[in-house]
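Heads up, the thing below is written out as structure tokens.
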Number of protein chains: 2
Amino acid sequence: MKSTMMKALGEPNRLQIVELLRSGPLTVGEIAESLEIRQPQASKHLRILNEAGILEVQAVANRRIYKLRQEPFQELDDWLTSFQSIWEEKLDRLDAYLEELQSKKIDQEEKS
Amino acid sequence: MKSTMMKALGEPNRLQIVELLRSGPLTVGEIAESLEIRQPQASKHLRILNEAGILEVQAVANRRIYKLRQEPFQELDDWLTSFQSIWEEKLDRLDAYLEELQSKKIDQEEKS
DNA sequence: ATGGAATATTCTTGTAAAGGAATATTTAGG
DNA sequence: CCTAAATATTCCTTTACAAGAATATTCCAT
């Protein structure tokens, strides 16, 4: 679900992790060091991002290499694109809406 | 900040409000009714969305008409677009990364 | 001015989420 | 086997957040 992804990215450290991973895959330790947070917190944040479908892991010996998955970002982008088309059409129809309210009010007055 | 917007949209009701407002401006009461939540909760969620810069209000007599603002969505879209270019380049360079790790390991062995 | 409708705010309470410290797990190397 | 490194997990405490109920505010019509 989109709101799961949003929620995951709503935490500043996690958004920073995503920014970091834009430059390529990284290990937990590298991420923790970059963000200046402790390793367990890094692991926890990575877990949440992973469970939200934003990341994927590859185990290499001792290490875990995390990288971004493309799909969720693609999906989000599609969603936003679907906004663009509507933008001019419906969004700024405040005038129309006000008139609508106005006519409802008149109806109501006619009844009384 | 982007994470503020994400955080705001990370709450399911609030994301639904945004979906609703895609069809045009609405009053608090209409939103509450649509989402089947109580008016005070609707007001609270709208407040958070508003403070995140996602909405704007127009007072008309008794009512408050909320509508989407374009800018934050545009900004988010730009961010996502900036992902696309990086996508093929750096993201899937796991091979390269592994080799890098490998060479570091060799360095280390040379020292001992 | 009074009452009612629409909305916002406050207060409280339950629950989730984040950080810290400690501990468990896995893996490679000796 | 034993140790050290990298990572994950658990437990605890504190903070943040959402829903509910009640109340305040604003505005219009009478």
Side-chain angles (χ1 to χ4, degrees), chain A residues 3-17 25-52 55-67 97-98 100-102 104-112, chain B residues 3-4 6-17 25-52 55-67 97-98 100-112:
Chain A
S3 84
T4 305
M5 179 185 185
M6 301 281 200
K7 192 170 180 181
L9 297 179
E11 209 283 329
N13 286 311
R14 290 199 286 265
L15 188 57
Q16 257 195 281
I17 289 178
L26 290 174
T27 67
V28 177
E30 290 169 327
I31 292 169
E33 187 185 13
S34 260
L35 300 205
E36 295 180 338
I37 61 180
R38 303 178 192 282
Q39 172 268 315
Q41 325 301 337
S43 283
K44 288 178 202 170
H45 286 310
L46 288 166
R47 179 144 108 105
I48 291 173
L49 288 168
N50 186 46
E51 285 173 352
L55 303 182
E56 55 186 298
V57 208
Q58 168 137 358
V60 174
N62 236 358
R63 331 217 165 168
R64 297 232 170 184
I65 303 176
Y66 284 88
K67 61 179 231 187
Y97 191 85
L98 292 181
E100 194 188 334
L101 274 186
Q102 190 66 18
K104 278 180 189 165
K105 192 169 105 185
I106 292 173
D107 292 350
Q108 179 186 326
E109 283 167 352
E110 281 170 352
K111 284 185 191 167
S112 58
Chain B
S3 85
T4 305
M6 300 283 199
K7 192 171 180 180
L9 298 179
E11 209 284 327
N13 285 312
R14 289 199 286 265
L15 187 57
Q16 257 196 279
I17 290 179
L26 289 174
T27 67
V28 176
E30 291 169 327
I31 292 170
E33 186 185 14
S34 259
L35 300 207
E36 296 181 337
I37 61 180
R38 304 178 191 281
Q39 173 266 316
Q41 323 302 336
S43 283
K44 288 178 204 171
H45 286 311
L46 288 165
R47 179 144 107 107
I48 291 173
L49 288 168
N50 186 45
E51 286 174 351
L55 304 181
E56 55 187 296
V57 208
Q58 168 137 359
V60 174
N62 238 357
R63 331 216 165 170
R64 296 232 170 183
I65 302 175
Y66 283 89
K67 62 180 232 189
Y97 191 84
L98 293 180
E100 192 187 336
L101 274 185
Q102 191 65 18
S103 55
K104 279 178 188 166
K105 191 168 106 186
I106 291 173
D107 290 353
Q108 180 186 324
E109 283 169 352
E110 282 171 352
K111 282 184 189 168
S112 57

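Each chain gets a letter, A, B and so on, in the order its sequence line appears, and its residues count up from 1.
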Taking only N and O in the side chain of B:Y66, is any of them less than 4.0 Å away from OP1 or OP2 of C:dA8? yes

Contact nearer the 5' end of DNA chain C, comparing A:A61 with A:Q39: A:Q39

Starting from P on D:dA18, measure out to CD on B:E51 and report it in whole angstrom. 12 Å

Side-chain-base donor-acceptor pair under 3.5 Å for A:N62 and C:dA28: no

Rounded to whole Å, the CG-P distance (B:L35 to D:dA18) equals 14 Å

For a quick test of reading the model, state the closest non-hydrogen atom pair linking B:A32 to B:Q39 and the distance between them. CB-CA, 4.1 Å

Rounded to whole Å, how long is the line connecting atom CG of B:L55 with atom P of C:dA8? 11 Å

Under 4.0 Å, heavy atoms only, any strand: does A:I37 hit a base, just the sugar-phosphate, or nothing? nothing

Looking at D:dA21, C:dA8, D:dT7, which one has an atom nearest to any side-chain atom of B:R38? D:dA21

Whole Å only: how far is the CD1 atom of B:I31 from the P atom of C:dT7? 9 Å

Side chain of A:N13 only, heavy atoms from C-beta on: which candidate in C:dG19, D:dT7, D:dC27 is closest? C:dG19

Quick one: closest heavy-atom pair of A:L55 and A:L46, and the distance? CD1-CD2, 3.5 Å

Whole-Å distance separating the CD1 atom of B:I17 from the P atom of C:dT7: 13 Å

Could a donor-acceptor pair under 3.5 angstrom be found where the side chain of A:Q41 meets the base of C:dA18? no

B:R63 CZ - C:dA8 P separation (whole Å): 13 Å

Looking at B:K7, I'd like to know whether one of its side-chain N or O atoms comes within less than 4.0 Å of OP1 or OP2 on D:dC17. yes

With distance as the sole test, does B:E30 use its side chain to make a donor-acceptor pair with the main-chain N or O of B:T27 at under 3.5 Å? yes

Looking only at heavy atoms, what is the nearest atom pair of A:L9 and A:L15, with distance? O-CB, 3.8 Å

To the nearest Å, give me how far apart CZ (B:R47) and P (D:dA24) are. 18 Å

Would the distance check show the side chain of B:R14 and the main-chain N or O of B:A8 forming a donor-acceptor pair, the cut-off being under 3.5 Å? yes

Would you indicate which nucleotide in C:dT7, D:dT7, D:dT10 comes nearest to any side-chain atom of A:K44? D:dT10

Separation of C:dA17 C1' from A:H45 NE2 (nearest whole Å): 10 Å

From the options C:dA8, D:dA18, C:dT9, select the nucleotide whose nearest atom is closest to the side chain of B:E11. D:dA18

